[in-house]
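Notes for the one structure printed next.
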Amino acid sequence: MTDVLDGVRDHYRSPGLTERLKTALMALGPEDQRLTPGQLGALDQFHTRGLAATAELAKLAGITADTSVLDVGSGVGGPARFLAATYGCRVTGVDLSEPFVDAARYLTERTGQSGQVSFQTASALELPFDDGRFEAVLLQHVAMNISDRARLYREIRRVLKTGGRFATFDVVSNGGEPHYPVPWARTPGTSFLLTAAVTRETIEPAGFRALVWQDDSEAAKAWIVQLRASGPPPSPNLGVVMGPDFAQLSANLGRNLMEGRLGILTAVFEAASINT
Ligand SMILES: C[S@@+](CC[C@H](N)C(=O)[O-])C[C@H]1O[C@@H](n2cnc3c(N)ncnc32)[C@H](O)[C@@H]1O
């Protein structure tokens, strides 16, 4: 288990990330100038279809100003900042990667949201929160890095109130072997893809009832076609976060989706009473 987590940490270790972000963000204005979450969209939404996917998932999850939200595997914090800015809710993010958490805090200071959005370094398999602490949990493009899925979904259920929402947006296996490297794993050693059906079979016994179940593979493919036609997004983009090989990782994700080796799943669950 520790070996796997170390491998995942290594994949997202990104040395000097905050300093690199500071330099890259000079293109948007001086250090003391407040940025909007929207201005960071090309570098802080680390998943297929970027900001549009986060916006759709939040809507499906029924987030409001009163929802206390946990973003598991929060990356550099883009989804958390977007939710707080759009709905006025409080968001806590946890991530395994310390450099990502540092970067998330720095970017959140730059958007002036530190009073509403906070980040901690922690494993999704051992969330540092009391039972029933949150009304919604988001999990976007994280599960594919986690081998012990049953434990992941049990932990998410534990920190949710009964009746709360678990919204997940993840890459799933369609049965074919993916081409590596991909954005979440440079080798198969840190990639733990399940099919959509097995994902559901693993989530429901943890104490969840499905409310939304959507195959988003076609929308993801349309996004890939559009990206290929328009070229790389304007700088600063996710290449600053993941390093010079990001273009190759991203191209392989596109190839895997277009060849039908991988798919994209959106699902929202209600946290059922544990005793039923
Ligand atoms: C592809 S990024 C997605 C980041 C963010 N959810 C987003 O959509 O912008 C995957 C993230 O999951 C985190 N992660 C992977 N395994 C984790 C674990 N066991 N516990 C916590 N975070 C984890 C990584 O460090 C990385 O930040």
Hey, does the side chain of R261 reach the backbone of R255 with a donor-acceptor pair shorter than 3.5 angstrom?
no
F46 and F100 aromatic ring geometry - parallel, tilted or perpendicular at 30°/60° bounds
tilted
For P236 and L25, work out which heavy atoms get closest and say how close.
CG-CD2, 4.0 Å
From the list T202, I146, D148, side chain to side chain contact (heavy atoms under 4.5 Å, CB included) partner of Y153 resolves to T202
Interatomic spacing from CG in L193 to CD in E177 - rounded to 0.5 Å:
8.5 Å
Closest non-hydrogen contact found for A220 with I264 is CB-CG1, 3.6 Å
Would you find more than 12 non-hydrogen atoms of other residues, nucleotides or ligands less than 6.0 Å from D130 atom CG?
no
Atom CD of residue position E31 - does it have more than 12 heavy atoms of other residues, nucleotides or ligands inside 6.0 Å?
yes
Around E204, counting heavy atoms of other residues, nucleotides and ligands shown, do more than 12 lie under 6.0 Å from its CD?
yes
Q226, CD atom: more than 12 neighbouring heavy atoms under 6.0 Å
no
Separation of L35 CG from L28 CG (nearest 0.5 Å):
6.0 Å
Heavy atoms of P181 and N252 approach each other most closely as O-ND2, 2.7 Å
Please test D71 against L83 for side chain to side chain contact (heavy atoms under 4.5 Å, CB included), starting from the C-alpha separation and ending with a verdict.
CA-CA 10 Å; D71 187 14; L83 294 183; 5.9 Å; no
If we ignore hydrogens and angles and just use 3.5 Å, is the side chain of Q39 paired with the main-chain N or O of T36 as donor and acceptor?
yes
Out of curiosity, D44 CG to F82 CZ, how far, rounded to the nearest 0.5 Å?
11.0 Å
When hydrophobic residues are tied together by side-chain contacts of less than 4.5 Å, even through go-betweens, does L125 share a cluster with V159?
yes
Can you tell if the side chain of E135 reaches within under 4.5 Å of the side chain of C89, non-hydrogen atoms only?
no
If the threshold is 4.0 Å, N to carboxylate O, is there a salt bridge linking R9 and E98?
no
Could you go through the side chain to side chain donor-acceptor pair (under 3.5 Å) check for D66 and T64 one step at a time?
CA-CA 5 Å; D66 297 327; T64 68; 4.7 Å; no
Quick check: do T266 and E56 have side-chain heavy atoms less than 4.5 Å from each other?
no
For a quick test of reading the model, state the closest non-hydrogen atom pair linking P178 to L262 and the distance between them.
CG-CD2, 4.0 Å
Pair L139, L152 - check side chain to side chain contact (heavy atoms under 4.5 Å, CB included), show working.
CA-CA 10 Å; L139 184 77; L152 168 69; 4.0 Å; yes
Taking atom types as modelled, is there a side-chain donor on N145 or Y12 under 3.5 Å from an acceptor on the other?
yes
Beyond-backbone contact of V171 with H47, side-chain heavy atoms, under 4.5 angstrom:
no
Going by atom types alone, do S191 and W184 pair a side-chain donor with an acceptor below 3.5 Å?
yes
Starting at CG of D215, measure out to CH2 of W213 and round the result to the nearest 0.5 Å.
9.5 Å
Which atom of R20 lies closest to which atom of S14, heavy atoms considered
NH2-OG, 3.0 Å
Look at the side-chain heavy atoms of Ile, Leu, Val, Met, Phe, Trp and Tyr, link any pair under 4.5 Å apart, and say whether V8 and V241 land in one connected group.
yes
Looking at CZ of F166 and CD1 of I156, how far apart are the two atoms once the value is rounded to the nearest 0.5 Å?
4.0 Å
Heavy-atom donor-acceptor pair, R158 side chain to L127 backbone, under 3.5 Å:
yes
So do W223 and L257 actually touch side chain to side chain, heavy atoms under 4.5 Å?
no
Check whether any side-chain heavy atom of P37 sits under 4.5 Å from a side-chain heavy atom of Q113, and report yes or no.
yes
Side chain to side chain contact (heavy atoms under 4.5 Å, CB included) between H11 and T187, intermediate numbers included:
CA-CA 9 Å; H11 177 72; T187 67; over 6 Å; no
Mark yes or no for whether D170, through its side chain, and L265, through its backbone, hold a donor-acceptor pair below 3.5 Å.
no
Hey, quick one: are V69 and L60 part of the same hydrophobic cluster, counting side-chain heavy atoms closer than 4.5 Å, chains of contacts allowed?
no
Do the side chain of R90 and the main chain of G115 share a donor and acceptor less than 3.5 angstrom apart?
yes
Under 3.5 Å donor-acceptor, H141 side chain and F169 backbone:
yes
Looking at L51 and Q45, what are the two nearest heavy atoms and their distance?
CD1-NE2, 3.5 Å
For R105 and S114, test the side chains for any donor-to-acceptor distance below 3.5 angstrom and give the result as yes or no.
no
I'd like to know if V240 and L249 are part of one continuous hydrophobic network [Ile/Leu/Val/Met/Phe/Trp/Tyr, side-chain heavy atoms within less than 4.5 Å].
yes
Between R157 and T162, is any side-chain donor less than 3.5 angstrom from a side-chain acceptor?
yes
Please check if the side chain of R81 supplies one atom and the backbone of V117 the other of a donor-acceptor pair under 3.5 Å.
no
Does D10 use its side chain to pair, donor to acceptor, with the backbone of D6 at less than 3.5 Å?
no
Below 4.5 Å, heavy atoms only, C-beta onward: do L40 and V76 meet side chain to side chain?
no
Got a second to check how far E155's CD is from S123's OG, nearest 0.5 Å?
8.5 Å
Would F208 end up clustered with V212 when hydrophobic side chains under 4.5 Å apart are linked, directly or stepwise?
no
A quick test of your reading: do over 12 heavy atoms of other residues, nucleotides or ligands sit less than 6.0 Å from NZ of K22?
yes
Hey, does the side chain of T111 reach the backbone of T108 with a donor-acceptor pair shorter than 3.5 angstrom?
yes
Do the side chain of N256 and the main chain of H179 share a donor and acceptor less than 3.5 angstrom apart?
yes
Flag side-chain contact, heavy atom, 4.5 Å: T92 against L70
yes
Polar side chain donor-acceptor pair, S97 to D95, under 3.5 angstrom:
no
Any side-chain heavy atom of R186 within less than 4.5 Å of one from Y180?
no
Does a side chain donor of either T67 or R165 reach within less than 3.5 Å of an acceptor in the other side chain?
no
